[in-house]
Amino acid sequence: MTGPELAEAGRLLAAARRPVVFTGAGMSAESGVPTFRDAQTGLWQRYDPQELATPAAFRADPALVWGWYEARRRGVRRAEPNPGHRAVAAIAARLPDTVVITQNVDDLHERGGVPAPVRLHGSLFAPRCSACARPAPLPSDLPPSADPPEPHDGAEPHGGAEPHDGAEPHGGAESHAPEAHDGPLDPPACADCGAPVRPGVVWFGEALPSAALDAAVEAASGCDLLLTVGTSALVHPAAEIPLVAARLGAPVVQVNPVPTPLDAICAVNLRGPAGEVLPALVRAAWPGADAG
Ligand code: BJW
Ligand code: ZN
């Protein structure tokens, strides 16, 4: 990130009245929540998230998939919003027509001061029945077990999943990755029909919630700036949201330590971690502002 780029992005933000902030997993990396494509830790390092986040994986081994999501939910519970989340809240406070659209399934935007982000991929905190869709209560948080996990059927990864060799997370936060003693865990049964409860997230091959997707497309279509933060922009249809804004003439500003497929459509690329770049961006737009 250079001075002129930050100044230009700050000028665009200061001129905006209806910005969209579009976030991905990198937004929460400095809170210690691993990004989707980071290497996993502990038991889970043998699995590729892209192989676990599917309806087929849940059907084949509900305990494996439910255990992974429970471990991640406990990790998020221990995490705190970082200065990037608070900077997004500062933008929304200053510009009340801001729309925050997130692909994340954590609750760090809410806890960071954005009460109702548009959630494209659901939430770790909204489990539902896998058969009748009845919302299910969250299991109470179990204390971490002192024992290592039982080997689970030889625990072969599904679908030929390979040990995942992702990039290092940027930001160097204390990790709230699932712990080594997390493991497979039977999901609760639905109180209505007895079918296994599933995480309330959107898996590969599933439709995004239509109200959220419609709200996201509408906001991107009417925005006068789109700020994309911490996403690899590899997963569709979410990845098309910045393209909608760009196609209709809104400038796109990207915050990411590394290049992404969005680089080419961006008016400004700010290379760096969200927890540092976003507060700097708020201060560049409104000198003296409380950047969170
Ligand atoms: C930092 C940082 C720091 C690090 N600061 N930055 C068109 C083309 C090709 C394929 C498709 C297509 N349309 C649909 C598809 C198929 C598929 C898909 O996109 N596949 C691709 C992988 C090829 N899409 C789907 O299946 C979707 N459904 C669908 O299309 O349904 C059709 C249908 C219609 C009607 C009826 C029925 C069906 C569903 C997609 C669901 C995605 N779900 C997941 C899992 C959610 C639950 C969970 O978390 O387990 O959502 S996948 C995963 O990816 C998760 C994320 O939200 C999503 C995006 O990832 P994200 O956020 O970008 O994270 P990373 O890890 O990829 O990147 C992190 C970034 O942060 C990196 O760039 C780092 O550099 C950066 N970073 N530290 C700032 N400190
Ligand atoms: Zn049910």
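As the structure lists them, so they are numbered: ligands from 1, and atoms in each ligand from 1. Computation of the quantities below employed the complete heavy-atom set of this structure, encompassing side-chain atoms and omitting hydrogens, waters and symmetry-equivalent molecules.
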(request) Quick one: the SG of Cys132, the Zn ion (ligand 2), SG of Cys190 angle, rounded to 10°, please. (result)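 Vertex the Zn ion (ligand 2), arms to SG of Cys132 and SG of Cys190: 110°.
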
(request) Give, rounded to 10 degrees, the angle between SG (Cys129) and SG (Cys193) as seen from the Zn ion (ligand 2). (result)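 Value, to the nearest 10 degrees: 100°.
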
Going by the order shown, which atoms of ligand 1 are within less than 4.0 Å of some heavy atom of [X]?
| X | result |
| --- | --- |
| Glu30 | 3 (C), 5 (N), 80 (N) |
| Val258 | 75 (O) |
| Tyr69 | 47 (C), 48 (C), 50 (O) |
| Val105 | 49 (O) |
| Gly24 | 62 (O) |
| Val201 | 47 (C) |
| Pro273 | 3 (C), 5 (N), 80 (N) |
| Thr35 | 66 (O), 69 (C) |

Can you tell which of [options] gets a heavy atom nearest to [atom]?
| atom | options | value |
| --- | --- | --- |
| atom 36 (C) of ligand 1 | Ser28, Gly26, Ala207 | Ala207 |
| atom 43 (N) of ligand 1 | Val229, Val202, Thr228, Asn104 | Val202 |
| atom 18 (C) of ligand 1 | His236, Glu206, Arg119, Gln103 | His236 |
| atom 61 (P) of ligand 1 | Leu124, Thr231, Thr102 | Thr231 |
| atom 69 (C) of ligand 1 | Gly230, Ala233, Gly272 | Gly230 |
| atom 55 (C) of ligand 1 | Phe36, Trp68, Phe204 | Phe36 |
| atom 57 (O) of ligand 1 | His121, Gln254, Gln50 | His121 |
| atom 75 (O) of ligand 1 | Leu270, Asn256, Asp106 | Asn256 |

(request) Ignoring hydrogens and angles, state whether a donor on the side chain of Gln103 or Thr231 is under 3.5 Å from an acceptor on the partner side chain. (result)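 Present: a donor and an acceptor within the cut-off.
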
(request) Please determine, by modelled atom types, if Thr102 and Thr23 share a side-chain donor-acceptor pair under 3.5 angstrom. (result)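 Yes - a donor-acceptor pair under 3.5 Å links their side chains.
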
(request) Could you tell me whether Asp97 and Arg18 make a salt bridge, using a distance below 4.0 angstrom between a side-chain N and a carboxylate O? (result)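 Here Asp97 does not pair with Arg18 in a salt bridge, since their nearest N and O are not under 4.0 Å apart.
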
(message) Any salt bridge linking Arg119 with Glu110? Criterion: basic side-chain nitrogen under 4.0 Å from a carboxylate oxygen.
(response)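 Looking at Arg119 and Glu110, the cut-off is met.
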
(message) Within 45 degrees of the ring normal and closer than 6.0 Å to the centroid, is that where the cationic atom of Arg72 sits relative to Trp68?
(response)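 Positive - Arg72 is close enough to the ring of Trp68 and near enough to its axis.
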
Separation of [Y] [atom2] from [X] [atom1] (nearest 0.5 Å):
| X | Y | atom1 | atom2 | value |
| --- | --- | --- | --- | --- |
| Ile91 | Leu278 | CD1 | CG | 6.0 Å |
| Leu262 | Asn256 | CG | CG | 9.0 Å |
| Leu138 | Arg73 | CG | CZ | 4.5 Å |

(request) Using the six-membered ring wherever Trp is involved, compare the ring planes of His109 and His85 and label them parallel, tilted or perpendicular (cut-offs 30° and 60°). (result)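 Correct class here is perpendicular.
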
(request) Hey, can you tell me if Trp203 and Phe58 have their rings parallel, tilted or perpendicular (30° and 60° cut-offs)? (result)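 The arrangement is tilted - the two ring planes meet at 30° to 60°.
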
(message) Is there a polar contact, in the sense of an N or O pair closer than 3.5 Å, between Glu240 and ligand 1?
(response)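 It does not: no N or O of Glu240 is found under 3.5 Å from an N or O of ligand 1.
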
Determine whether the side chain, the backbone, both or neither of [X] has a heavy atom under 4.0 Å from any heavy atom of ligand 1.
| X | answer |
| --- | --- |
| Leu234 | backbone |
| Val235 | both |
| Ala274 | both |
| Trp203 | backbone |

(message) A quick test of your reading: do over 12 heavy atoms of other residues, nucleotides or ligands sit less than 6.0 Å from CG of Asp290?
(response)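 Atom CG in Asp290 is not crowded, with 12 or fewer foreign heavy atoms closer than 6.0 Å.
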
(request) Taking atom CD of Glu218 as the centre, report whether more than 12 heavy atoms of other residues, nucleotides or ligands fall under 6.0 Å from it. (result)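 At most 12 heavy atoms, drawn from other residues, nucleotides or ligands, come within 6.0 Å of this atom.
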
(message) Please determine whether any non-hydrogen atom of Arg72 lies less than 4.0 Å from an atom of ligand 1.
(response)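 Yes, Arg72 has a heavy atom closer than 4.0 Å to ligand 1.
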
(message) Restricting to side chain to side chain donor-acceptor pair (under 3.5 Å), what partner residues turn up for Asp263, sequence neighbours left out?
(response)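 Partners of Asp263 by the side chain to side chain donor-acceptor pair (under 3.5 Å) criterion, ordered by chain and then number, come out as Gln254, Arg271.
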
(message) Tell me if a side-chain donor or acceptor on Asp224 pairs with a main-chain N or O of Ala16 at a distance below 3.5 Å.
(response)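 Such a contact is absent between Asp224 side chain and Ala16 backbone.
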
